[in-house]
Amino acid sequence: MSFPGMTSPAGMGGAGGAAMPGMSEQEQMMVKSMQAAMESCPVKTVMAGGMGFALGGVFGLFMASMSYDSSFTPQGKAIMDLPWKEQVRRGFKDMGTRSWSSAKNFGIVGALYSGTECCIEGLRAKNDLTNSVSAGCITGGILGAKAGPQAAAAGCVGFAAFSAAIDAYMRMPSEDD
């Protein structure tokens with residue numbers, strides 16, 4: 001798969017039997033196998049899930065750290081009456097719990113969306129906006145399915161719209177071109 005602005009292996013001398021400059025035959029085989037692995041749906045799914053997990057962990061940590069910033073909230077009042085060490089212990093425990101929960105959710109969404117989009121792209125043999133919208137609809141529908149058909153439909157529409165907006169933005173020509 002080739003993206004705009006990316007040098008193709010053919011441009012590097014990797015296709016057509018020509019050797020890549022400065023690489024042994026074994027190194028060329030290694031590069032080709034890594035490129036093939038990076039294009040496979042399972043690897044893309046695992047990578048997206050892992051990145052989603054990491055991003056979700058950071059997001060959950062940040063959001064948990066913000067929930068104790070005021071003594072005017074019920075959580076803040078309950079915590080303020082405790083000794084300082086207990087406040088810190090409970091705060092860190094809550095931050096860890098929320099971070100873990102958010103990380104799992106982001107990881108699942110990232111893996112589900114990426115795997116779905118990759119499979120759709122493989123079936124259609126095209127890389128266009130339809131893949132993103134379809135994958136978004138399927139992902140949103142799956143995530144909302146436990147709450148019933150209306151939630152699944154709303155998830156489908158919402159996630160498809162979000163996916164379309166992000167993909168359309170990413171496909172916009174840059175100002176440098």
Side-chain angles (χ1 to χ4, degrees), residues 1-9 33-70 72-76 90-177:
M1 180 187 313
S2 175
F3 295 100
M6 190 172 132
T7 306
S8 67
S33 64
M34 284 194 290
Q35 287 174 339
M38 293 300 289
E39 291 297 320
S40 72
C41 288
V43 172
K44 285 182 180 180
T45 301
V46 169
M47 285 181 56
M51 287 183 208
F53 186 86
L55 179 65
V58 171
F59 181 75
L61 188 66
F62 175 75
M63 294 306 288
S65 70
M66 290 293 148
S67 66
Y68 299 106
D69 63 344
S70 172
F72 298 118
T73 64
Q75 291 172 327
R90 285 191 184 186
F92 281 137
K93 185 176 181 181
D94 185 50
M95 288 167 64
T97 302
R98 287 199 205 180
S99 181
W100 178 254
S101 175
S102 188
K104 286 190 305 185
N105 291 335
F106 274 58
I108 289 168
V109 170
L112 185 60
Y113 176 80
S114 179
T116 304
E117 184 182 34
C118 187
C119 289
I120 290 171
E121 184 178 322
L123 288 171
R124 294 185 67 235
K126 291 181 183 178
N127 183 1
D128 59 8
L129 190 62
T130 304
N131 296 344
S132 300
V133 172
S134 301
C137 180
I138 291 168
T139 301
I142 290 171
L143 294 173
K146 284 185 180 179
Q150 288 179 326
C156 170
V157 170
F159 215 105
F162 180 72
S163 298
I166 296 296
D167 199 6
Y169 176 76
M170 295 301 286
R171 291 178 186 272
M172 285 177 26
S174 66
E175 294 178 16
D176 296 336
D177 292 338

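Below, all heavy atoms of this structure are taken into account, side chains as well, without hydrogens, waters or symmetry copies.
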Nearest-0.5 Å distance, CD of residue Glu117 to CG of residue Asn127: 7.5 Å
Flag, side chain of Asn131 to backbone of Lys126, donor-acceptor distance under 3.5 Å: yes
Where Gly136 and Tyr113 come nearest, the two heavy atoms and their spacing: N-CE1, 3.6 Å
Pairs involving residues 136-173, ordered by first then second residue, that meet disulfide (SG to SG under 2.5 Å) (sequence neighbours left out): Cys137-Cys156
Summary of side-chain hydrogen bond (donor to acceptor under 3.5 Å, both in side chains) pairs that have at least one residue in residues 99-109, sequence neighbours excluded: none
Glu121 side, atom CD; Ser134 side, atom OG - distance, nearest 0.5 Å: 12.0 Å
Residue list, side chain to side chain contact (heavy atoms under 4.5 Å, CB included) with Thr45, at least two apart or on another chain: Ala111
Shortest non-hydrogen contact from Met95 toward Ser65: CE-CB, 4.0 Å
Within residues 143-166 or reaching into it, pairs that qualify as salt bridge (Lys or Arg N to Asp or Glu O under 4.0 Å) - sequence neighbours excluded: none
Leu112: side chain to side chain contact (heavy atoms under 4.5 Å, CB included) partners, not counting sequence neighbours: Thr116, Thr139, Ile142, Leu143
Pairing residues for Met38 by the side chain to side chain contact (heavy atoms under 4.5 Å, CB included) criterion, not counting sequence neighbours: Val43, Met47
Pairs flagged by ring-ring contact (aromatic ring centres under 6.0 Å, His included) wherever residues 133-154 is involved - sequence neighbours left out: none
Partners meeting disulfide bond (SG atoms under 2.5 Å apart) with Cys118 (sequence neighbours left out): Cys41
Gap between atom CZ of Arg98 and atom CZ of Phe62 - 0.5 Å precision: 12.5 Å
Atom pair CZ/CD1 of Arg124 and Ile120 - distance to nearest 0.5 Å: 8.5 Å
Sequence neighbours left out, cut at 3.5 Å: what donor-acceptor pairs do the side chains of residues 162-170 make with other protein atoms?
unit_1, atom_1, unit_2, atom_2, d
Ser163, OG, Phe159, O, 2.8
Asp167, OD1, Arg171, NE, 3.0
Asp167, OD2, Ser132, OG, 2.4
Asp167, OD2, Arg171, NE, 3.3

